[in-house]
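Comments concern the structure below.
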Amino acid sequence: MDEKYFAKKVERKWQAKWAESRVFEAEIDDERPKFYQLEMLPYPSGNLHMGHVRNYSAGDVVAWFKRLKGFNVLHPIGWDSFGQPAEDAAIKRGVNPREWTEENIVSMRGQMERIGLSFDWRRQMAAHRPEYYKFDQWFFLKMYEMGLAYKKTTQVNWCEHDQATLSNEQASGGLCWRCGNAVTKKSLEQWFLKTTNYADELIDGLNEIEEGWAPAVVKRQRDWIGRSKGAYVDFKVKVSRASGAMTADAVTITVFTTRIDTIYGANAIVVAAEHPVIERFLDELPPVVAGKVSEIRAEKLKPTDREAEIEKDGIDTGLKAVNPFSGEELPVWVGNYVMMEYGTGAVMSVPAHDERDFEFAKKFGLPVRKVIESVESKEATDSRDPQDSIDLKDPVDSKDPIDSAMTDYGVMINSGDWSGKTTEDGKREMADFAAANGFGKTAVTYRLRDWGISRQRFWGSPIPIIYCEKCGTVPEKFENLPVRLPENAPLTGTGESPLAKVPEFYETTCPRCDGPAHRETDTMDTFVDSSWYFFRYTDPNNASMPFDLETASYWTPVDQYIGGDDHAVMHLIYTRFWAKVMRDIGLVKFDEPVKRLLTQGMVVGETFFDDSTGKRIYYPADKVEVERDAKGKIVEARSNDGKHLKYGIERMSKSKGNGVDPDEMVEIYGADAARLFIMFAAPIEHELVWNEAGIEGAVRFLQRVWRMVYKWKDAISAVSSGSAETNGHGPAGDSGRALRRKTHQTIKRVSDSLESLQFNTPVAALMELANAIGDIDVEDSSARFAVKEALTGLILMLTPFAPHIAEELYGVVIGSDEGMLAKGARFPDYSEELAKADEIEIPVQVNGKLRSRIFAPPGAANEVMEQMAFADEKITELVSGKDVVKVVVVPGRLVNIVVRG
RNA sequence: GCUGGGGUGGCGGAAUUGGUAGACGCCCAGGACUUAAAAUCCUGUGCCCUUAGGGGCGUACGGGUUCGAUUCCCGUCCCCAGUACCA
């Protein structure tokens with residue numbers, strides 16, 4: 001290799017060397033601590049996008065850093081290869097989804113290799129291969145045995161655009177996670193996994209991992225699981241008409257409330273339109289009520305518009321229910337704001353202390369009764385004449401009209417014998433009282449629903465269940481797994497299961513009675529595959545088990561996981577659930593599969609739209625002219641023929657046509673520069689607006705480092721690894737000494753940053769170090785040791801960001817081409833002593849304003865610093881003739897003189 | 001609406017526990033080298049005033065605490081994300 005830097009040449013050379021020497025292939029080694037670095041696996045669409053590059057570059061930085069720190073690092077990659085795009089491609093282009101997928105894997109692997117990612121490719125898994133999905137089925141059967149997999153008919157989320165069923169997590173926010181379109185409801189029979197069995201664990205387990213996870217993700221999971229503690233209370237229904245054999249006591253409505261302390265303020269019971277009590281009395285209710293009920297029901301099946309606030313609606317059914325605490329008779333209403341899916345589908349309406357109930361009461365003119373008083377106003381009331389306080393025996397509704405609900409905790413009033421108790425006491429004691437008297441109990445409810453995994457799709461793992469005319473639902477035998485996908489299923493994408501059209505697939509015999517039977521024709525949600533894939537990496541060729549307990553126990557849990565936060569409540573909840581199930585099966589020995597989670601921001605691009613053609617154009621493109629304001633925001637965009645273009649910022653992707661091709665970046669700038677830049681451009685958790693201008697800076701920096709190494713190559717070749725002094729390191733205060741200080745400070749900064757997963761600031765630190773080396777004259781022989789130390793340090797620290805060039809330059813410096821890992825290279829250590837400055841610049845302030853600077857030795861006594869400050873010319877001038885009120889000296893930091901007059 | 005997170009130069013972004021605001025990079029300007037260009041190197045680069053020395057202002061806005069506030073507290077505005085009646 002000559003003195004000119006050709007990125008492509010260096011990169012090809014080291015990619016080949018790495019592959020040949022298998023340095024990234026990890027084996028169990030009890031001598032070294034292990035480190036499992038994982039990034040979220042990609043869908044093999046055929047094209048890597050810049051978001052992937054960011055994700056995998058960050059993971060590679062950590063993997064390299066840990067390797068150089070002496071860890072035994074597992075850094076695998078695989079393919080989330082089941083899913084809709086393969087099926088869509090098959091429908092659109094008539095390709096075989098398996099072949100299409102395999103081809104994409106090959107081309108994407110090539111892209112990853114050209115970026116130089118340090119994966120252990122032997123461990124690669126792909127979800128669509130029978131040797132993998134066999135174990136999806138294995139897990140399903142285990143869960144079926146354990147009672148964790150069951151089938152039921154419900155209203156499932158349905159995406160009309162994708163013609164697909166969605167789990168609640170995938171339809172979060174009422175929008176399809178894939179296409180973003182509004183979701184509707186559809187009645188389907190499907191298989192569920194009992195995630196709710198683990199609701200408490202899923203929420204409590206967050207405490208264990210909270211420290212290492214992005215706070216936003218933890219919060220979203222907590223909210224998603226949505227545990228709330230309260231009570232059930234039974235209200236007996238009275239039927240005013242004495243028709244039939246129905247008695248008043250035969251029916252009760254159980255409500256769930258978190259605020260049982262407000263029960264004396266209940267003015268009605270409001271139930272969901274689907275509530276059983278409505279079913280039961282539907283025939284007897286006036287037609288107008290029945291009409292309203294079906295109107296509300298129909299409304300709920302429509303896609304929800306996120307923006308629009310749904311107006312409260314409802315109707316008095318004419319039924320009455322009795323408040324078990326007060327004996328008061330309350331009207332039973334149907335309300336559109338009560339959901340059958342949560343709690344009991346019935347609420348007690350307390351308008352004075354609940355915003356929704358307040359709104360409902362206001363609209364329908366229902367009475368509002370205050371039963372909680374804030375502590376402050378209670379104190380105020382108490383201090384006044386007791387006669388002024390509200391008459392507890394005869395509370396008058398709306399006596400003191402309020403304009404909003406008071407939802408805070410406080411003191412109970414107008415609540416019979418309970419008045420005077422605090423909310424906290426009331427909640428506890430009233431629930432106990434209800435339990436003791438048989439009309440209620442404490443209860444906990446969750447927002448989390450079971451995970452619906454049935455998909456009426458082809459490209460997924462078949463659900464290993466058989467329906468026998470005689471035996472009913474029968475699980476496939478373990479020894480018959482995998483249940484393989486047929487090669488030729490008619491794919492239409494119309495929402496019916498393609499497997500139902502392949503008799504060779506579904507016609508089978510019952511595993512129990514050998515009689516004629518047919519297979520389940522739905523496949524599993526692809527999120528099943530990604531729930532346990534990273535365990536498979538530890539033991540990728542196991543044919544009898546998903547993985548071996550002992551092998552997996554060495555590598556797992558994952559030490560560091562990196563991926564997008566779009567999976568905060570989908571994949572990341574499923575995989576935590578899965579780990580807990582695996583623990584219960586006895587496959588793993590811990591509760592939480594991922595110790596630390598880093599969520600990286602999206603890579604987005606400025607996109608332009610041509611209104612007339614509806615086409616997207618990515619900038620920079622020669623087709624677009626852009627005017628920007630002072631802040632760099634676009635104010636006007638035109639195509640080169642002068643047509644106005646609409647513009648916006650959106651996620652970069654091939655399918656949107658606004659993506660930057662990583663291959664192109666590598667071709668033009670080199671993989672190292674592209675990686676270095678994407679790490680340097682913005683903090684990893686921020687969104688990154690792709691702008692190619694900055695990447696030139698990364699190229700320049702690498703070239704500078706390259707030239708620097710060659711410039712010093714001969715001068716430092718004679719410097720042995722002996723002590724500084726024996727190698728011409730000069731006296732204190734000279735350039736070599738200053739450089740050593742900079743080197744050791746940089747090592748500290750870079751190590752600390754990487755340890756805390758900051759990737760932009762260490763790059764800045766390395767640039768500073770390079771600048772410092774650049775300041776040294778090559779003729780200065782007294783600095784040679786320092787330069788050698790700085791250069792090797794710089795190269796080693798650069799490795800995680802730009803491994804190819806680092807390997808090459810490391811070879812130049814040590815005179816060997818074997819590679820750092822083979823040579824046992826280590827990330828440099830720093831010496832506190834050397835990092836310490838021998839003179840510190842101390843700002844001197846007068847009245848808090850910076851006026852001068854002095855130079856003091858580190859650890860200078862306060863008196864010395866004070867003396868030096870007063871000795872300073874400028875300070876003397878400013879202070880003279882004034883009273884010195886106070887002098888603040890912060891050791892090693894600053895001097896502040898406070899004067900008056 | 002609610003819940004989180006945030007607001008720092010032309011831009012991306014730095015700033016231990018309150019202690020020199022603007023590191024590093026991009027952009028831009030000037031200079032050196034060159035027949036020329038590219039590359040490279042050097043210099044400047046928050047805003048305003050000033051001939052200079054220097055001075056004033058400045059971390060969304062308004063207050064407060066402090067010798068000292070980007071950092072802590074109160075209020076206001078704005079942006080981003082999550083969420084959609086969860087009882």
Side-chain angles (χ1 to χ4, degrees), chain A residues 172-174 214-220 222-224 226-228 230 255-260 262 270 272 304-312 335-339 341-350 353-357 359-360 445-448 565 568-569 601 628-633 676-677 680-683 685-689 691-698 700-701 703-704 707 749 752 758 760-771 774 841-853 874 885-899:
Chain A
S172 166
V217 176
V218 173
K219 183 188 177 293
R220 282 177 63 187
R222 282 213 177 93
D223 289 352
W224 185 260
R227 177 165 61 193
S228 62
V255 305
F256 174 71
T257 177
T258 54
R259 291 297 300 272
I260 193 171
T262 66
V270 186
T304 39
D305 180 359
R306 286 175 65 98
E307 301 303 317
E309 196 164 320
I310 301 158
E311 192 172 346
K312 299 246 176 330
N336 67 340
Y337 71 104
V338 180
M339 301 183 300
E341 303 81 45
Y342 183 78
T344 56
V347 303
M348 60 180 206
S349 172
V350 185
H353 305 290
D354 181 282
E355 279 162 25
R356 295 150 302 181
D357 296 339
E359 210 185 304
F360 193 70
T445 61
Y446 303 88
R447 206 186 106 115
L448 183 73
D565 69 354
V569 292
R628 290 170 193 271
D629 67 8
K631 292 221 160 193
K633 291 256 179 329
L676 184 76
F677 172 65
F680 176 61
E685 62 277 5
H686 283 201
E687 183 175 86
L688 172 60
V689 182
N691 174 359
E692 235 152 283
I695 198 168
E696 303 273 4
R700 274 201 283 269
F701 170 65
Q703 266 165 343
R704 223 150 80 77
R707 282 195 306 271
R749 273 176 73 188
D752 290 352
Q758 280 181 287
N760 56 332
T761 47
V763 175
L766 293 177
M767 287 171 170
E768 281 186 54
L769 179 59
N771 290 346
E841 192 184 292
I842 305 284
V844 181
Q845 302 178 332
V846 176
N847 289 345
K849 289 199 172 178
L850 177 70
R851 294 301 173 180
S852 188
R853 290 154 220 267
K874 232 179 284 170
V885 179
K886 189 174 177 182
V887 179
V888 182
V889 181
V890 184
R893 293 236 81 130
L894 93 165
V895 179
N896 185 18
I897 301 164
V898 187
V899 296

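Here is the naming used below: chain letters follow the sequence lines, and residue numbers restart at 1 for every chain. All values reported here derive from a predicted model rather than from experimental measurement.
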| remark: By side chain to side chain contact (heavy atoms under 4.5 Å, CB included), Ile842(A) pairs with (sequence neighbours left out) Ile840(A), Ile854(A), Ala856(A), Met865(A), Val895(A)
| query | Taking the P atom of each, how far is A39(B) from U51(B), in whole Å? | reply | 38 Å
| request: Taking atom P in both G68(B) and G75(B), compute the distance separating them and give it to the nearest angstrom. | output: 23 Å
| Residues in side chain to side chain contact (heavy atoms under 4.5 Å, CB included) contact with Pro891(A), at least two apart in sequence or another chain | Asn862(A)
| P gap between C26(B) and G58(B), integer Å | 31 Å
Please tabulate, one pair per line, each protein N/O and nucleotide N/O from nucleotides 48-56 of chain B that are separated by under 3.5 Å, including the distance.
| residue | atom | partner | partner atom | Å |
| --- | --- | --- | --- | --- |
| G56(B) | OP2 | Arg851(A) | NH1 | 3.4 |

| message | Return a single string for nucleotides 65-70 of chain B, one symbol per nucleotide in 5' to 3' order, where B is base contact, S is sugar-phosphate-only contact and - is none, cutoff 4.0 angstrom on heavy atoms. | response | --B---
| query | By side chain to side chain contact (heavy atoms under 4.5 Å, CB included), which residues pair with Thr445(A), not counting sequence neighbours? | reply | Ser228(A), Tyr232(A), Phe256(A), Tyr342(A)
| Contacts of type side-chain hydrogen bond (donor to acceptor under 3.5 Å, both in side chains), residue Lys312(A), not counting sequence neighbours | none
| said: Taking any heavy-atom pair under 4.0 Å as a contact, classify Glu341(A): base, sugar-phosphate, or nothing. | reply: nothing
| said: Would you measure the distance from the P atom in G46(B) across to the matching atom in G64(B) and give it in whole Å? | reply: 31 Å
| field | C1' spacing across the pair A15(B) / A87(B), given as an integer number of angstrom | value | 47 Å
